[in-house]
Amino acid sequence: MVNGNNLDKRRKLPAVQTIWRSLPNSLPVAAFWISRAIDRVLNRMREQAKMGVEPPDLDKVCVEILEEAQREARSHLRPVLNATGVMIHTNLGRSPLPGEIMDAVKDVAMGYSTLEYDLERGQRGSRHDHVAHVLAQLVEAEAAMVVNNNAAAVLLALSALARQKEVIVSRGELVEIGGSFRIPEVMALSGACLREVGATNKTHARDYVSAITENTGLLLKVHQSNFRVIGFTTAVTTSELVEVGHRYGIPVMEDLGSGVINSLDIDHVSEPSVKEVIKAGVDLVTFSGDKLLGGPQAGIVAGKRDIIEQLKKYPLARAIRVDKMTLTALEQTIRWYLEDRASELPLWQMMNQTADQLSQRARLFVEALASRVPSSVVIDRQKDYSQIGGGSMPGTRIPTTVIRLIPSRTDEVRVLDESLRRGNPPVIARISHGAVIFDLRTIFPSQESLLLDTIVMALHQLEGRD
Ligand SMILES: *Cc1c(COP(=O)(O)O)cnc(C)c1O
C-alpha cells in the first residue's frame, strides 16, 4: 500500500516540537493530556496518510489536538442531567443528595473526625455508633448497623446467621434485582442452603412450617421490589412469618430493598415501611440507603440487639464497612427524617411535585425553547407518567407532563439523542414514538437553563448536519 507518494504525505505531518510551539501559551488542560493527544492525533493521521489521505494544515491539527485533550481531561465519572423522569435511576446514581448534607460530608472528609473515637471516654469508639443511634430511633428498632449496600447487608446476614444451615424462602420471592443480585446466588455465596417452599404465585404459612428442620437457620422474606404478581396469589405476611419463627425459635429476616420510612401510597400501590416491618416483630430487616430513603449508597440492617451484635462481630462486616463520607451523609439524612425535614431531600422534592406544577414548568420551558430552535422540529407537551425506579414500586404511575421534540425525519431522533448525550453536561432523555422526550420532574429548577442551552445546541447541530 505504501508508495512514494504516500510517504511524501506522511512527511508533511508536523513534527511534535512544531505542534508544541504552535499551541497557545496558556494551555486549557494539563500538559499530560496534550502530549497524549498529540501522539494519538499524529498516529491517526499517519494511518490516514498511508491510505492516501492528505494531512490537514498545522492549525487544524492543533485544533483537533486541543479538542481531544479537553475530552480526555474531563472526569470520566461526571454529572449529567436526568430528563428521564425516573427518580431513583440506578444507572445515573440513584438518589441525589442536598448541598447542606454535602457540606457536612466535606467538613468530616477534609479533616479528622470522631469516626472511631469516643469523645466522652477519650478512647477508641465504634464507627457503627454514629448512625446506629439515630437509625434505631427512626425505625423504632433495638439496634442497627450500616454496610456498603443492601446486597452486602443481605450477604452478611445470611453468612453470619445461616452459614451451613437452611434458609427457607418462598418460591415467589426468589428475586433478581438489577441483574447482579439474585437471592439464590447470594445464598450460595453466603454458604447458606436455600430451601424453597410454596409455588410462584402461592405460598402459605404451613409451607414454611413443614420445611422446618433442626438445621433451619433463618426464615427469609424478600420484598418483590421490581415486579408484581397479580391474579391468583397468596403470600405469607410478615406477621404470619414472625409467628411461625417464634413458635419454632428461628429468626425471621425481611429483605425490604427500598426502605420507606413513612408509609407511602401512590397510585393505589403501597410500600411496606421499615417501621411496620419492625413492629411486626422481625429479628432483622435490610434495606438500601439510596432508594426511597433518599440518602447515600448504603445497606442498612435494623432489628434485635443480639442479632445486630452478632453481625457486627462477623469478619465479613469488616470487609464491607462504609467510609466516613457515607456515614456522615447517612447520619444527616436520618436526622432530617427525625427533624421532619425529609420533604427537603431532593428525592422527596421531585416526588412531591404535583401534576399541575410540572405542567406549568413544561409550558414555560416549551415557550423558551420554541423561541430559540429551528422550525423544522416540532415541540409540544404531552401528559405522561414519571417512575420511581431503582426497583421500587414497579408499575406505579406518577402523572407528569413531558416535553417532546419531534424531528422532521425519524432517523434524526437517534442523532438528536446521541448529540444530547454528548452535550456538556450530557442530557439523558427518553425516546418514544419518534420523539425525544424530557420529563422535568428529575430536572432541578436550577438546572433548567442548562438543559435549555444543551437542547438548543443539539438542535443546531442537527440542522447543520446536512
Ligand atoms: C435493591 C434491592 C437489593 C439490592 O440493594 P443494593 O443497595 O442495590 O445493593 C436487594 N434486595 C432488594 C429486595 C432490593 O430491592
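As the structure lists them, so they are numbered: ligands from 1, and atoms in each ligand from 1. Residues take their numbers from the sequence shown, with the count starting at 1.
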- [ ] Return yes if a side-chain donor-acceptor contact under 3.5 Å exists between Ser273 and Glu276, otherwise no.
- [x] yes

TODO: Only counting residues at least two apart or in another chain, list the ones meeting side chain to side chain contact (heavy atoms under 4.5 Å, CB included) with Ala458.
DONE: Leu416, Ser419, Leu420

Open item on the list: Below 4.0 Å from ligand 1: does a non-hydrogen atom of Val154 turn up there or not?
Closed with: no

- [ ] Check each atom of ligand 1 against the heavy atoms of Arg94 and keep those under 4.0 Å away; list them by number with element.
- [x] 6 (P), 7 (O), 8 (O)

Open item on the list: Out of all atoms in ligand 1, which are within 4.0 Å of some heavy atom of Ser288? Include the element for each.
Closed with: 5 (O), 6 (P), 7 (O)

Open item on the list: Taking the basic N atoms (NZ, or NE/NH1/NH2) and the acidic carboxylate oxygens, is any pair closer than 4.0 Å for Lys324 and Glu331?
Closed with: no

- [ ] Answer yes or no: does an N/O atom from Lys291 fall short of 3.5 Å to an N/O atom of ligand 1?
- [x] yes

Open item on the list: Could you check whether Glu243 pairs with Arg247 (Lys NZ or Arg NE/NH1/NH2 to Asp/Glu carboxylate O, under 4.0 Å)?
Closed with: yes

Open item on the list: Quick one, Val146 and Leu330 - any side-chain contact, counting heavy atoms below 4.5 Å?
Closed with: yes

Task: Backbone or side-chain N or O of Ala151 under 3.5 Å from ligand 1 N or O - done: yes

TODO: Please list all pairs passing the salt bridge (charged side-chain N to carboxylate O under 4.0 Å, His left out) test where one or both residues lie in residues 398-407, with sequence neighbours left out.
DONE: Asp380-Arg404

Task: Residue His223 vicinity, atoms of ligand 1 by number, heavy atom under 4.0 Å - done: 13 (C)

- [ ] May I ask you to check if ligand 1 and Asn150 share an N or O to N or O distance below 3.5 Å?
- [x] yes

